[in-house]
Number of protein chains: 2
Amino acid sequence: MESEDLKKLGLKATAPRMKILSFLETSKVRHMSAEEVYKALLEAGEDIGLATVYRVLTQFEAAGLVSRHHFEGGNSVFEIESGKHHDHILCVKCGRVDEFVDETIESRQRKIADEKGYAMTDHALYIYGICSSCQKKS
Amino acid sequence: MESEDLKKLGLKATAPRMKILSFLETSKVRHMSAEEVYKALLEAGEDIGLATVYRVLTQFEAAGLVSRHHFEGGNSVFEIESGKHHDHILCVKCGRVDEFVDETIESRQRKIADEKGYAMTDHALYIYGICSSCQKKS
DNA sequence: TCACTAAATGCGAAAGATTCTCATTCTTCT
DNA sequence: AGAAGAATGAGAATCTTTCGCATTTAGTGA
């Protein structure tokens with residue numbers, strides 16, 4: 001009964017919100033744009049407006065249920081929160097996305113923010129490259 | 001005579017390109033959106049279309065003269081290439097941008113790309129926070 | 001369980017950023 | 001100076017995301 005989860009976060013357990021959440025939880029693709037979520041739900045027979053998808057994803061982000069990334073190329077992609085912080089490395093050829101965690105980088109970032117006098121609130125690290133399978137193809 | 005610089009890069013030395021380049025080189029503000037460049041040129045009495053600003057900045061990026069960043073919030077910002085690679089830390093309150101270089105992070109990134117089987121082509125690291133002067137205000 | 005109130009949704013319009021089209025104007029080379 | 005091809009400007013078009021508003025729905029209390 002996920003409706004309880006939403007209520008705990010101060011969000012009404014509406015049908016669109018439940019469907020989007022369970023879709024994100026069960027999708028094999030982890031990183032999706034609002035448009036992709038919208039289309040996937042349409043194909044699944046769910047009738048949810050695109051504006052609602054945007055609104056709900058934004059609310060989920062504020063509630064900490066999903067995180068939003070700005071990969072190169074413009075539009076936002078969303079990812080369900082797994083709890084553990086991680087950064088991303090992505091293939092510029094095929095769009096593949098991998099995740100990684102590096103505590104050395106994390107602590108260095110904190111140190112830099114500190115040295116520069118900033119109270120760090122967030123950070124984004126994207127590594128771009130060509131993945132192994134795309135290297136073989138070329 | 002900068003026109004030679006452009007020609008070396010395979011770009012015709014047109015008036016709009018020269019003006020945009022020299023504007024970027026002399027501007028006190030290092031990070032600007034296409035729109036901001038456009039407006040600044042207008043105010044300086046130069047009559048250059050917005051579409052041209054976009055085109056020229058994209059060409060300059062391809063030629064390595066400027067780099068493009070995707071800070072949080074959507075639109076692209078451009079910065080003239082200084083030669084030395086650096087990353088950015090920015091204030092979420094006032095928009096201030098500072099630069100930094102950290103070789104430890106750089107080498108860690110190369111290591112991660114390597115471990116994941118990627119041929120790294122690029123990377124972007126943005127640290128977000130509240131700068132010292134904004135901290136005092138609040 | 002039923003009705004009420006506030007909040008959420010859907011749809012189309014609107015806004016913001018960036019790209020495209022195409023006629024006109026330059027650059028470069030001769 | 002003249003020709004050929006590339007670049008520019010202005011506005012239309014596109015894409016992503018947000019807004020406005022009438023309609024529907026969830027949560028609550030009687």
Side-chain angles (χ1 to χ4, degrees), chain A residues 1-23 31-42 44-63 65-78 95, chain B residues 1-23 31-42 44-63 65-78 95:
Chain A
M1 177 97 9
E2 296 171 322
S3 66
E4 298 310 316
D5 300 337
L6 289 175
K7 286 183 192 163
K8 275 179 214 155
L9 296 165
L11 296 172
K12 276 191 188 175
T14 65
R17 294 212 260 241
M18 306 262 286
K19 285 170 184 165
I20 292 172
L21 180 53
S22 73
F23 170 71
H31 304 85
M32 278 177 292
S33 67
E35 186 86 32
E36 289 167 336
V37 171
Y38 168 69
K39 283 183 183 157
L41 287 170
L42 268 195
E46 307 295 353
D47 206 352
I48 299 180
L50 177 57
T52 298
V53 172
Y54 272 103
R55 273 184 299 234
V56 169
L57 287 174
T58 300
Q59 293 159 347
F60 282 2
E61 183 193 13
L65 280 176
V66 307
S67 53
R68 179 194 303 248
H69 304 292
H70 304 275
F71 295 153
E72 245 174 31
N75 58 348
S76 298
V77 301
F78 299 86
Chain B
M1 177 94 15
E2 297 171 321
S3 65
E4 298 310 315
D5 300 337
L6 288 175
K7 285 183 193 163
K8 274 180 217 155
L9 295 166
L11 296 172
K12 277 191 189 175
T14 65
R17 294 211 260 242
M18 306 262 286
K19 285 169 184 164
I20 291 172
L21 179 54
S22 74
F23 170 72
H31 304 85
M32 278 176 293
S33 67
E35 186 86 33
E36 288 168 335
V37 171
Y38 168 70
K39 283 184 184 158
L41 287 169
L42 269 195
E46 306 295 354
D47 206 353
I48 299 179
L50 178 56
T52 298
V53 173
Y54 272 103
R55 272 184 301 234
V56 169
L57 288 173
T58 300
Q59 293 159 347
F60 282 3
E61 183 193 14
L65 280 176
V66 307
S67 53
R68 179 195 301 248
H69 304 292
H70 304 274
F71 296 153
E72 244 173 32
N75 59 347
S76 298
V77 303
F78 299 85

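Just so it is clear: chains get the letters A, B, ... in the order the sequence lines come, proteins before strands, and each one is counted from 1.
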**Between C1' of D:dT17 and CD of A:E35, the distance in whole Å** = 10 Å
**Asked** When we call it a touch if two heavy atoms are under 4.0 Å apart, what does A:A34 touch: a base, just sugar-phosphate, or nothing?
**Response** nothing
**Residue mapping more 5' on DNA chain C - nearest nucleotide basis, B:A13 or B:R68** = B:R68
**Asked** Starting at NE2 of A:H70 and ending at P of D:dT16, how long is that distance when rounded to a whole Å?
**Response** 15 Å
**Message:** Is there a side-chain contact between A:L57 and A:R68 in this structure, where contact means two heavy atoms from C-beta onward sitting under 4.5 Å apart?
**Reply:** no
**Message:** Considering every strand and a 4.0 Å limit on heavy-atom distances, what is the contact class for B:S33: base, sugar-phosphate, or nothing?
**Reply:** nothing
**Phosphate-side-chain proximity, A:Y54 and D:dT18, N/O vs OP1/OP2 below 4.0 Å** = no
**Prompt:** Could you give the distance from CD1 (B:I48) to NZ (B:K19), rounded to the nearest 0.5 Å?
**Reply:** 5.5 Å
**Asked** Can you find a pair of side-chain heavy atoms, one from B:L6 and one from B:F60, that are under 4.5 Å apart?
**Response** yes
**Message:** Walk along nucleotides 4-9 of chain D from 5' to 3' and tag each nucleotide B, S or - by protein heavy-atom contact under 4.0 Å, base first, then sugar-phosphate.
**Reply:** -BSSBB
**Request:** Could you verify whether a donor N or O on one side chain and an acceptor N or O on the other, from B:R55 and B:T52, lie under 3.5 Å apart?
**Result:** yes
**Message:** As an exercise, state the distance from CG of B:D47 to CG of B:L42, rounded to the nearest 0.5 Å.
**Reply:** 6.5 Å
**Fill in**
Comparing A:V77 with B:Y38, nearest DNA chain D nucleotide closer to 5' gives the residue B:Y38
**Contact interval (first through last nucleotide) of DNA chain C with protein chain B, 4.0 Å heavy-atom** = C:dA17 to C:dT28
**Fill in**
Sequence neighbours excluded, the answer for ring-ring contact (aromatic ring centres under 6.0 Å, His included) partners of A:H31 is A:H88
**Asked** When rounded to the nearest 0.5 angstrom, what distance separates OH in A:Y54 from CZ in A:F78?
**Response** 7.5 Å
**Prompt:** When you look at A:H69 and A:S76, which way does the side-chain contact (heavy atoms from CB on, under 4.5 Å) test go after all the steps?
**Reply:** CA-CA 6 Å; A:H69 304 292; A:S76 298; over 6 Å; no
